[in-house]
Amino acid sequence: MAHTRGAVVRSAPGKFEVVDLEIDDPRPGEIEVKMVASGLCHSDDHIATGDIPVGTYPFAGGHEGSGIVTRAGANKKGLKEGDHVVFSFLPSCGHCRWCASGMQNLCDLGAGLLAGTRWEENTTRLRLAEDGTPVGQMCGISTFCETTLVSEDSCVKVPDDVPLEVACLVGCGVGTGWGSAVNAGGVQPGHTTIVMGIGGIGINAVQGAAHAGASNIIAVDPVALKRESAQQLGATHAVETMEEATELAKQFTNGQGADQAIITVGVLKPDHVGQAMASIRKAGTVVVTALGDINSTEPLPVSLADVTLFQKRIQGAMFGMSNPNWDILRQLELYRAGALKLDELVTTTYTLDQVAAAYEDMHAGKNIRGVIRY
């Protein structure tokens, strides 16, 4: 048993607060990691607001992180003390139908991500505790802890020369946004792409669309800082509303509309899907990456005739349809080659004790990505 500090929510709606925690010793297949950095993703805020219910409270947040292995149980990946790792918030077993067919992002282990326990043992006690009270782990990793205990299924060993302070971002935000354009959206050279919402995910959808060769990349956000950032990282145009974006896309395509509209807003609403559908051409694609109230049954304002007769497609994107064990390393290589920007994504750095204030800044539109540095 060791000790750590971590940010937990006790109930939803609630706010993150930093507390002292006990952490179990690593068992076979488990890795203890001293954190170096953690991204502040909107999904953790969805936990705090209750948009995404979890199975255990208190619940230790954070799912986008990097660090250095301090202890390791026997494991099939050969991870050992001193190794540098980036976490994948989606574990991959490597042998289920989805992993075996190149869809690691849909690994069956993902079914237990919000239970708070290890996925293979949902009825046993948790790996973190506060004064003897079990504490759940976000995605089994809880990167809002100074030291955390994770499954080998969540770890990707990365080269020692990659700065972990920004490498954390490829564990969620970069792969989710970049992949939403490149994988889920199928952006090709010459395309016109709309990205709706420029935060930690949307900014990387812009990077992905630029990398794939889109001629016109239209970033949509009401916040001036985010529009400016989008243009610095590849957007050709930046506007405040979807109405403006739709009109621009039609001007570029002889009235047809965008090839893709990628929804990366902070809180997904049905109207966002309707607006995106109205912006794309025949046989175009709406990529739904954003999350909102996952229990909502509110209908989508989408014409079924529009889907059938115009052959439009609504495509969901989990982690940008990425394969963590390959794409995390691939994106870090793109970073090393100067083809993918990471340092420029970090607007503000925070200490662990500032996590609640960091989310206030996110809601105020002050950050592209906030990062906790330990």
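Values reported hereafter were calculated over all heavy atoms of this structure, with side chains retained and with hydrogens, waters and symmetry mates removed.
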*Asks:* Does the distance from a Lys or Arg side-chain N to an Asp or Glu carboxylate O, for E32 and R27, drop under 4.0 Å?
*Replies:*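 No salt bridge links E32 with R27.
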*Asks:* Take atom CG in N254; do more than 12 heavy atoms of anything else shown fall under 6.0 Å from it?
*Replies:*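 Open.
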*Asks:* Mind checking whether D271 and P301 have side chains closer than 4.5 Å, heavy atoms only?
*Replies:*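 Touching, per the 4.5 Å side-chain cut-off.
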*Asks:* Sequence neighbours excluded, which residues qualify as side-chain contact (heavy atoms from CB on, under 4.5 Å) partners of V267?
*Replies:*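 By the side-chain contact (heavy atoms from CB on, under 4.5 Å) rule, V267 matches H42, H46, D51, K269.
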*Asks:* Quick test of your reading of the model: are R5 and E146 salt-bridged, counting only N-O distances below 4.0 Å?
*Replies:*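 Looking at R5 and E146, the cut-off is met.
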*Asks:* Test of understanding: with salt bridge (Lys or Arg N to Asp or Glu O under 4.0 Å), list the residues that count as partners of D306, not counting sequence neighbours.
*Replies:*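 Per chain and number, D306 pairs via salt bridge (Lys or Arg N to Asp or Glu O under 4.0 Å) with K312.
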*Asks:* Within the 4.5 Å heavy-atom criterion, are L79 and K157 side-chain neighbours or not?
*Replies:*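 When only atoms from C-beta onward are counted, K157 and L79 do touch, with a gap below 4.5 Å.
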*Asks:* Taking T4 for its side chain and T147 for its backbone only, find out whether a donor-acceptor pair lies under 3.5 Å.
*Replies:*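 Here the side-chain-to-backbone pair exists.
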*Asks:* Dump the intermediate steps for salt bridge (Lys or Arg N to Asp or Glu O under 4.0 Å) on E17 and R10, then the final yes or no.
*Replies:* CA-CA 9 Å; E17 57 179 293; R10 300 190 181 280; 3.0 Å; yes
*Asks:* Within the structure provided, determine whether V195 and I218 are in side-chain contact (heavy-atom separation under 4.5 Å).
*Replies:*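 No, too far: nothing below the 4.5 Å cut-off.
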*Asks:* Do the side chains of C155 and F87 get nearer than 4.5 Å, heavy atoms only?
*Replies:*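 Yes - at least one pair of side-chain heavy atoms lies under 4.5 Å apart.
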*Asks:* Checking N183 against S322 for the side chain to side chain contact (heavy atoms under 4.5 Å, CB included) test, could you report, in this order, the C-alpha distance in whole Å, the side-chain angles of both residues, the deciding distance, and whether it holds?
*Replies:* CA-CA 7 Å; N183 300 329; S322 300; 3.9 Å; yes
*Asks:* Determine whether L291 and L268 make a side-chain contact, defined as any pair of heavy atoms from C-beta on separated by less than 4.5 Å.
*Replies:*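 No, too far: nothing below the 4.5 Å cut-off.
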*Asks:* Judged by atom type as modelled, is there a donor-acceptor pair below 3.5 Å linking the side chain of D353 to the main-chain atoms of T351?
*Replies:*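 Side chain of D353 to backbone of T351, a donor-acceptor pair under 3.5 Å: no, none is there.
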*Asks:* Taking all atoms of both residues into account, what is the closest heavy-atom pair of A212 and V182, and its distance?
*Replies:*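 In this case the closest contact between A212 and V182 is CB-CG2, 4.4 Å.
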*Asks:* For side chain to side chain contact (heavy atoms under 4.5 Å, CB included), just list the numbers for F59 and V8, CA-CA rounded to whole Å, side-chain angles, deciding distance to a tenth of an Å, and then say yes or no.
*Replies:* CA-CA 5 Å; F59 196 76; V8 305; over 6 Å; no
*Asks:* Which pairs count as side-chain hydrogen bond (donor to acceptor under 3.5 Å, both in side chains) when at least one residue sits in residues 133-145, sequence neighbours excluded?
*Replies:*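 Sorted result for residues 133-145: S38-T143, R118-Q137, Q137-T148.
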*Asks:* D259: which residues meet the salt bridge (Lys or Arg N to Asp or Glu O under 4.0 Å) condition with it, sequence neighbours left out?
*Replies:*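 Counting only residues at least two positions away or on another chain, D259 forms a salt bridge (Lys or Arg N to Asp or Glu O under 4.0 Å) with R281.
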*Asks:* With sequence neighbours left out, write down each residue that passes side-chain contact (heavy atoms from CB on, under 4.5 Å) with V307, or none if nothing qualifies.
*Replies:*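 Here the qualifying residues are M277, V302.
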*Asks:* Identify whether the distance between the nearest side-chain nitrogen and carboxylate oxygen of D221 and R227 falls below 4.0 Å.
*Replies:*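 Answer for the salt bridge query: no.
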*Asks:* Does the distance from a Lys or Arg side-chain N to an Asp or Glu carboxylate O, for E344 and R369, drop under 4.0 Å?
*Replies:*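 Salt bridge: no.
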*Asks:* Which residues pass the side chain to side chain donor-acceptor pair (under 3.5 Å) test with N367, not counting sequence neighbours?
*Replies:*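 For N367, the residues satisfying side chain to side chain donor-acceptor pair (under 3.5 Å) (neighbours in sequence not counted) are T348, Y350.
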*Asks:* Under 3.5 Å, is there a donor on one side chain and an acceptor on the other for S229 and Q232?
*Replies:*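 Distance-only check fails for S229 and Q232.
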*Asks:* Please identify each residue that fulfils ring-ring contact (aromatic ring centres under 6.0 Å, His included) with F252, with sequence neighbours left out.
*Replies:*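 So F252 forms a ring-ring contact (aromatic ring centres under 6.0 Å, His included) with H237.
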*Asks:* Looking only at heavy atoms, which two atoms of A245 and I194 are closest? And how far apart?
*Replies:*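 Distance-wise, the nearest heavy atoms are O-CD1, 3.9 Å.
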*Asks:* I'd like to check the salt bridge (Lys or Arg N to Asp or Glu O under 4.0 Å) partners of R336; sequence neighbours left out, ordered by chain and number.
*Replies:*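 Salt bridge (Lys or Arg N to Asp or Glu O under 4.0 Å) list for R336, sorted by chain: D161, E333.
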*Asks:* Name the residue from L90, I141, L113 that meets the side-chain contact (heavy atoms from CB on, under 4.5 Å) definition with H63.
*Replies:*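 Passing option: I141.
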*Asks:* Does a donor on one side chain sit under 3.5 Å from an acceptor on the other, for K77 and N325?
*Replies:*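 Yes, because at least one side-chain N or O of K77 sits under 3.5 Å from a partner of the opposite role on N325.
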*Asks:* Considering residues at least two apart in sequence or located in another chain, which fulfil the salt bridge (Lys or Arg N to Asp or Glu O under 4.0 Å) criterion with E22?
*Replies:*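 So E22 forms no salt bridge (Lys or Arg N to Asp or Glu O under 4.0 Å) with any residue.
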*Asks:* Would you check if the side chain of D83 reaches a backbone N or O of K80 as a donor-acceptor pair within less than 3.5 Å?
*Replies:*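 Judged by distance alone, yes, a pair lies under 3.5 Å.
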*Asks:* Would the distance check show the side chain of E247 and the main-chain N or O of E244 forming a donor-acceptor pair, the cut-off being under 3.5 Å?
*Replies:*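 No, E247 side chain to E244 backbone: no donor-acceptor pair under 3.5 Å.
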*Asks:* Decide yes or no for L345 and I203: does some side-chain heavy atom of the first lie under 4.5 Å from some side-chain heavy atom of the second?
*Replies:*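 Contact flag for L345/I203 side chains = yes.
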*Asks:* Using the side chain to side chain donor-acceptor pair (under 3.5 Å) rule, take R313 and T285 through it: C-alpha gap first, then chi angles, then the decisive distance, then the call.
*Replies:* CA-CA 5 Å; R313 179 164 61 106; T285 301; 3.2 Å; yes
*Asks:* For residues L109 and C96, determine if any side-chain heavy atom of one lies less than 4.5 Å from a side-chain heavy atom of the other.
*Replies:*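 L109 vs C96: side chains apart.
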*Asks:* Roughly how far, to the nearest 0.5 Å, is CG of N204 from NZ of K341?
*Replies:*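 Going from the NZ atom of K341 to the CG atom of N204 covers 13.0 Å.
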*Asks:* Mind jotting down which residue pairs meet the ring-ring contact (aromatic ring centres under 6.0 Å, His included) criterion with at least one end in residues 127-162? Sequence neighbours excluded, please.
*Replies:*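 Sorted pair list: F16-F144.
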*Asks:* Any donor-acceptor pair under 3.5 Å linking the side chain of T264 with the backbone of A290?
*Replies:*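 Looks like no, no N/O pair under 3.5 Å.
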*Asks:* Taking side chain to side chain donor-acceptor pair (under 3.5 Å) as the definition, give me every residue that meets it alongside Q260, ordered by chain and number, with sequence neighbours left out.
*Replies:*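 So Q260 forms a side chain to side chain donor-acceptor pair (under 3.5 Å) with H191, T193.
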*Asks:* Could you go step by step and tell me if V346 and L169 meet the side chain to side chain contact (heavy atoms under 4.5 Å, CB included) rule?
*Replies:* CA-CA 9 Å; V346 181; L169 301 176; 3.9 Å; yes
*Asks:* Set out, in order, the CA-CA distance, both residues' side-chain angles and the distance that settles side chain to side chain contact (heavy atoms under 4.5 Å, CB included) for D20 and E130, then state yes or no.
*Replies:* CA-CA 7 Å; D20 293 321; E130 181 190 14; over 6 Å; no
*Asks:* Taking the side chain as every heavy atom from C-beta outward, state whether T289 and I263 have any atom pair closer than 4.5 Å.
*Replies:*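 No, too far: nothing below the 4.5 Å cut-off.
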*Asks:* Going from CG on L164 to CZ on R373, what distance comes out if it is rounded to the nearest 0.5 angstrom?
*Replies:*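 Between L164 CG and R373 CZ, I get 11.0 Å after rounding to 0.5 Å.
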*Asks:* Surrounding CG of L309 (heavy atoms of other residues, nucleotides or ligands, distance under 6.0 Å), is the total greater than 12?
*Replies:*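 Result for CG/L309: enclosed.
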*Asks:* For E228, which residues count as a side chain to side chain donor-acceptor pair (under 3.5 Å) partner, sequence neighbours excluded?
*Replies:*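 E228: no side chain to side chain donor-acceptor pair (under 3.5 Å) contacts found.
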*Asks:* If the threshold is 4.0 Å, N to carboxylate O, is there a salt bridge linking R71 and E30?
*Replies:*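 Salt bridge flag = no for E30 with R71.
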*Asks:* Looking at P91, is its backbone amide N or carbonyl O close enough to the side chain of S88 to form a donor-acceptor pair, meaning the two atoms are under 3.5 Å apart?
*Replies:*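 No; zero donor-acceptor contacts below 3.5 Å.
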*Asks:* Quick one: pull up SG in C139 and CD1 in I47 and give me the separation to the nearest 0.5 Å.
*Replies:*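 Reported to 0.5 Å precision, the distance equals 7.5 Å.
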*Asks:* More than 12 heavy atoms of other residues, nucleotides or ligands under 6.0 Å from OH of Y374: is that the case?
*Replies:*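 Above 12, so yes.
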*Asks:* Could you report the tightest heavy-atom contact between A209 and V187, atom names first, then the distance?
*Replies:*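 Shortest heavy-atom contact: O-CG1, 4.0 Å.
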*Asks:* For G136 versus T56, what's the shortest heavy-atom pair and its separation?
*Replies:*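 Heavy-atom minimum between the residues: N-CG2, 3.8 Å.
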